[in-house]
Structures are given as structure tokens and as C-alpha cells.
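FYI, side chains are in, hydrogens and waters are out, and symmetry mates aren't considered; it's all heavy atoms of this structure.
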Amino acid sequence: MTRPDSMAAGLQCGIMTSQPTSQNSDTLPILQVAVPVPLPGCFDYLALADAPVPVVGARVRVMFGRRKLVGMVMTHGRGSELPQSRIKPILEVLDSSPLIDASLLGLLQWAADYYQYPLGEVIASALPKTLRQGQPAELKPRHRGLPAPCESLGSGPALNAEQQQAVAAVSSHWGRFQGFLLEGITGSGKTEVYLHLAQAALAQGKQVLVLVPEIALTPQLVARFRERLPTPVAVMHSALSDGDRHCAWLLARSGEAGVIIGTRSAVFVPWARPGLIIVDEEHDPSLKQHEGFRYHARDLAMLRGHRESVPVLLGSATPSLESLANVQRGQYQRVRLPARAGGAELPRIELLDLRRRFLDEGLAEPLLERMQKHLQQQGQVLLFLNRRGFAPALLCHDCGWVADCRRCDARMTWHARAARLRCHHCGYECSPPPRCPACDSALAPQGEGTQRIEAALQRHFPDYPVVRIDRDSTSRKGSLEDALAEIRSGHYRILVGTQMLAKGHDFPDVTLAAVLDADQGLFSSDFRAIERLAQTIVQVAGRAGRGERRGEVMVQTHQPDHPLLRSLIAGGYARFAEVLLEERRMAQLPPYASLALLRAEATEAHWPQAFLSEAYQLLAAQGDARVQLWGPAPAPMERRAGRYRAQLLIQAEQRAPLQAVLRQCLPQLGTLETARRVRWSLDVDPADLH
DNA sequence: AGCACGCCGACT
DNA sequence: GTCGGCGTGCTC
């Protein structure tokens, strides 16, 4: 008997009811099963003779080698290249209907192919741990009827004309795909647009998927959606317990949760009634997974919207150059919110030239004076420095000895409060030597971190309470929330911190914000550093003057004439992006080219180089002149956590030839003699080149 | 990735 | 005489 054609339609139907007509094993369908192992492709298994054939998208338990694994049925095959004798029967069918529907399964297959990552592992990464391990796809009774929607809804501020236009633009595309870029300056009310669109989607019985960077997924954001929308809101992020994640996933899948808010992995959450995908802060680098399966949640969200015929709305005050280029190409429709909701004026940004100026622990006099003025006028002041700890180095002023990390090519950061040296790259930690090990002189902290700034400010402004917000100060659970609450209450007058402080929070009383060290971003070897710097400056600026008073922003730099910095100050982010896009076009860099980065590391420096040289030969042998290879070269920080790292950059103007070369070569890479001497990985569309 | 098998050093 | 080091090879 041949496989009935209805099996191919198993994607759409529920339980596969067709039974094999005989017990003879060679008439049983052969299932292609994706198994969570780092091997490409699927593995063939036999269905069970006396049980319904599992549908495509169902999980099955199988014997793989000597161990039992949970795999996913991808197709029902016509046969196998293997002799029947080598094909094992599955052990158990875990789902009677597809756990993941055809379009999501297709997306996962596409992603496995595009990012060159094993399909079984891609699928595993899309499932909560409980389901990965084979637990039934059922809600536990105690999880039923989760956060009931609020009683008092349909409130909130009235939309201004631009917000209404944004809502109307997206609303004219229900049920079909269109990409939108919502460019809304900080405080322009992007979230209100999201809420109104969500309401509209819910009113039509559709669901909404909202992706946010980890740092932006605060209880306030979730509370706002819960207060305003007449539906349970499922939340998905890394801090969730396994049980809560299981529950949220199934509530999304069943359609009970009308809104799903989550970080990047939520792009893979199944839903019953696709309505709208929103990606907030779409420029944020944390939307790209930077280890293992290195997907970009924004890009996959766009693809998912396309496959499922729903509009996709990307939102940012500082859009990625990729998205701006897609607007230029006519791929995305641009929607703008140019004014601050409530009419607050945008802050004025000025560069503070540090050249030949005395710096008091990283703070220039004009900044201190301006701080004094704002503090006296009851304003709050926010200072941003993307470097935690007390000082980024501990130095001997007599002989130049520096405390280096013994496992990395990096300086140890001095943490004064803990009286410890810590490496921020590998986590190595030790006590400082009492004197210089080379010449026995005294050691001194060199440079500034947030701790040192905090201490300096306490000396300068003893009457104004200072709070520091960074990973060190908020390690205790809930401490960030407590500190933010005390900031909003007005208790703290001076705020100093890292990205944690700059992103997403609304501090209505901040009237002065400052970026203490813009030079870091200007000297990085990474071509995206300048884009990140501009985004950070604008984000920090957005913290100032959200209330009634106009804000001021100061940016300390030794490069006040830097053309890109000037374009940002003079023409805003839009002008800056124009200039930088032109630079990227000239340099053949994204978004006008495709990149992939092949990385390798080993405890001996020789092996990564040797492996990448072999890889180079293999890739070059494809003879595609449209694909260029750069390297191999040592990573910008060659030694990290005791391992030597090197990389090979693969560049092409068009995506297709790059993909073709990678697809051709990747299987062979693993078979190279040097491959087993190194840990290697491929990063398609790398977010940074480090 | 696991988890085998397989072939050479210090112990009851 | 064995226990165990990790090199090499396979998993439908």
C-alpha cells in the first residue's frame, strides 16, 4: 500500500485517523523526525503498527542511539534511503494534534536553513522546557483562568492626530501582511498606539504578539496592557518559572490570551488567531540571540507576519539602519509620531568639549555647574556611563604596571565597595595586591566607572541624594523596582547608571541628562558602534524633560568635531542615519551587504587560525566572486576566558550567493581535520563583530 | 551533544 | 591483573 495522499494534508487536519491496512511493517509510513541534536536534517522512524500515525507537528518519543529523546514529526515520507532494518519505530506519540501548526513549523524550518543551525535544536528552542521534555500539552487546573482582565477598561488619553494616523495605517491591513516602521520620538506615545491597535485586534477576535527587549519588559509595561485590554495577557521572559512558561505558552496557543508580551524567544510562540505582531525598540541589539541558535527576533517577526498574513509594526525612536533601508526600498511603510504627546518640547543636546579641560573624576566643570542649576530648580539629573565598577583599571603610577585578567586580554575592573578586582569579560575575581608587584609602589584606580561617579557626586552635592543603577546595584531581586519607585517619588535627585537606567523608564522630573563618555563609541573597531552610540545618546536625551519643563542634554567628548556626532546634534537621529547609511553604502556594509561571521576558539592560539584557514580554502573553492572573505584574523579581544579566538568574515552584496556558499560548505566544515581542535560557530547577520 | 568503544598508565 | 584517561565515531 502506498501512503495515502491525505497524509500530506495532515498539516491541516487534527488527529490522523488513517490506519495502516496491514500489520506488515514495510507498509508503515516512515516519519521524518527532527531530533534535538547538533546534526543537520531529520531522522527516519517507523510509526507504530497498532496506534494512529502521529500528525505532522506532533511530538514523538524516540530511541536515538542509546538514549530517549523527544522529537517532532516534520513530514510523512514515501520511503527512506536507509534499509528498513536500520529504521527504528517510535516509542510513543505525545500529541494527538499538532503542537505547532504548519506555518510556524515552516518558519522554524526556514530559520534553521537561513541561520544554518540544526532543525531539531531550532524546534527545541521554540518550545518551553516542559514540552521539550515530553510533558503533555495541557494546562494544569490551577493555571486556568489566569490574570482576569480588569473590570474598568476602554480609558486612557485621547490620541493626537499623528497617533490616529498611525493606528489607521496599520488598521487598514488587518488580515494581510505589511511591514510598518513606527518612528516615534521618546515620549511621543508609541505605547498608546500599540494599545489602540491591540484593542482593535481584540475587537475582531484576533490576538496580538508584542516583542520587547529584555530590559524593557518591566512590570509597568505589562500592567499597562493588563489595565487597558479586556483579555488575559500572557508574559514570556527568561525569569519565568518552567510552570509559568508552560502555562503562558499554552494560553497563547489556545487563544485564551489575547495578548502575548515577551522577549525575543516569544517570536516562536504559537497562536490560534493571528492578528498583529509588534516589535518594540526594534533597534535593540538584544533582539538578536548571540549564542547557539543566533536568530534575530525582529527579522523572524517580519517573516512570520508574512507567512501568517498579519501586519507587523516595528517601533523605535532610533530605528535600526536595516529598517530605515527597508523603508527606502519601499518594503516597509513609515509612520511617524513627530511630536511629544502632551506637547512637551524635545530637549536641547549640546556637546561638551573635553579637550584641555580639567576633569574631576570624569566630570567637567560646565557639567557640574549645570547640575547645580537644575538641582536648585528642583529638577532631577541623570548621568549615563556605560561602565560599571569603580575604575576600569588599577595602575601603578610609578612603573606602569596594570592589573590584567589572567584569562583575558583585558584589564581587571576595580570594585571599591567589594574591594575586589573583577574581569567583566570572564567573571574572574581576585583581591588586589597591596602594593605594585613590580616596584612595590602604591596602586591607584585609573578611569571612571559608575561607582566612582556616584562617590564623586556625593562629595560634590552632599545635599542631594544620589542613586546608582547598574547590574551591581540591582542584583537583588526587586531592587531595581524599589530604586525606580524611589526615583519617581522624588527622593533621589541625582541618578547615575548604565543602560539599565537609560532604557524605557519614564522619569518625569529629570530635566538634565548627560552622557559622560561618548568617546568609547567613537573609537570601537565595530562598525555598528557609532550607530549604538547615537541610539544611546537619543535614548538618554529622551529621559530629560518628559514633564512640563524643557530638558537639557550634555554629551562629554574629546571629539566635538566628529562629523557623525555633529550630524546627530544638528539634524537629529534622522539626519545622522542618512549620513551613516551613505557611509555604509560606500563601504559595502549592512544594510547594503550581507555578512556572516565564522568564529573559532581553542586553548591554543594556533588551532582557530588553522581551522579558519582551512575554512577559507573551502569557501574560496566555491569560486563565487560575489562572495568575499576577510581574514582569518584574531578576534578584537583575542584571548577571553583562557581561550584564543579568531574569526573569518564572509561578505556579499546579495544575500543569495552568501547563503548558497554557506549551505554548500557548512556540512564540510565539521569534517575538517582541524574542526575537532576548536569550538566553532557561524553567525549569520552578526550584530557585532566581536 | 551524548554515549559508546578502544587502547595505554597507576592502583587494590 | 583491573579502573579509567579521553581520542574517534555514530546516532534513523
Side-chain angles (χ1 to χ4, degrees), chain A residues 3 7 10 20 24-49 51 53-95 105 108-109 111-113 115-129 131-134 289-295 598-604 606-608 610-611 614 641-643 666-683:
Chain A
R3 185 187 60 88
M7 285 191 186
N24 186 332
S25 68
D26 58 32
T27 66
L28 284 174
I30 288 167
L31 311 172
Q32 275 77 53
V33 179
V35 177
V37 289
L39 300 166
C42 290
F43 292 82
D44 293 342
Y45 285 89
L46 291 167
L48 295 169
V53 175
V55 292
V56 168
R59 290 170 302 157
V60 288
R61 210 184 291 279
V62 295
M63 216 59 196
F64 188 78
R66 222 141 290 209
R67 55 209 168 111
K68 286 179 188 172
L69 295 175
V70 174
M72 173 141 311
V73 179
M74 298 307 291
T75 47
H76 293 159
R78 295 176 182 279
S80 173
E81 294 179 1
L82 292 163
Q84 191 88 287
S85 60
R86 285 191 57 199
I87 305 177
K88 295 176 183 176
I90 61 170
L91 298 174
E92 190 187 352
V93 179
L94 294 169
D95 300 300
L105 215 51
L108 292 165
Q109 238 160 342
D113 185 56
Y115 291 106
Q116 302 285 331
Y117 206 73
L119 178 61
E121 300 206 317
V122 167
I123 290 170
S125 74
L127 299 177
K129 191 170 165 215
L131 296 172
R132 220 156 47 213
Q133 291 173 340
Q289 173 104 18
H290 53 272
E291 56 181 28
F293 170 33
R294 303 169 128 96
Y295 62 95
L598 187 60
R599 297 188 174 90
E601 57 173 57
T603 49
E604 287 170 77
H606 162 72
W607 292 114
F611 168 74
E614 279 198 280
R643 309 182 69 85
L666 210 75
Q668 300 169 64
L669 279 181
T671 68
L672 294 174
E673 288 158 47
T674 49
R676 69 170 71 100
R677 301 283 174 192
V678 299
R679 274 192 213 156
W680 64 273
S681 63
L682 180 72
D683 191 349

For A:E604, all residues meeting side-chain contact (heavy atoms from CB on, under 4.5 Å), sequence neighbours excluded
A:W607
Separation of A:W680 atom CH2 from B:dA1 atom P, in whole Å?
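From A:W680 CH2 to B:dA1 P: 10 Å.
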Round to the nearest Å and state the distance from A:R679 atom CZ to B:dA1 atom C1'.
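Distance, rounded to whole Å: 12 Å.
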If the condition is salt bridge (Lys or Arg N to Asp or Glu O under 4.0 Å), which residues does A:R643 pass it with, not counting sequence neighbours?
A:E601
By the 4.0 Å heavy-atom rule, please label [X] as base, sugar-phosphate, or nothing.
X	result
A:F64	base
A:L82	base
A:L39	base

A:Y117 vs A:F293 aromatic rings, parallel, tilted or perpendicular, using cut-offs 30° and 60°?
parallel
Among all residues two or more places apart in sequence or in another chain, which pass the side chain to side chain donor-acceptor pair (under 3.5 Å) test with [X]?
X	result
A:S125	none
A:T603	none
A:Q116	none

Only pairs at least two apart or in different chains count here, so list each salt bridge (charged side-chain N to carboxylate O under 4.0 Å, His left out) that has a residue in residues 668-678 of chain A.
none
Reading DNA chain C from 5' to 3', where do the contacts with chain A start and stop? Cut-off is 4.0 Å to heavy atoms.
C:dT8 to C:dC12
Give every pair of a protein N or O atom and an N or O atom of nucleotides 2-7 of chain B that lie under 3.5 Å apart, one pair per line with the distance.
none

Enumerate the residue pairs fulfilling side-chain hydrogen bond (donor to acceptor under 3.5 Å, both in side chains) with a member in residues 55-73 of chain A, sequence neighbours excluded, ordered by first and then second residue.
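Pairs touching residues 55-73 of chain A that pass the test: A:R59-A:D95, A:R61-A:E92.
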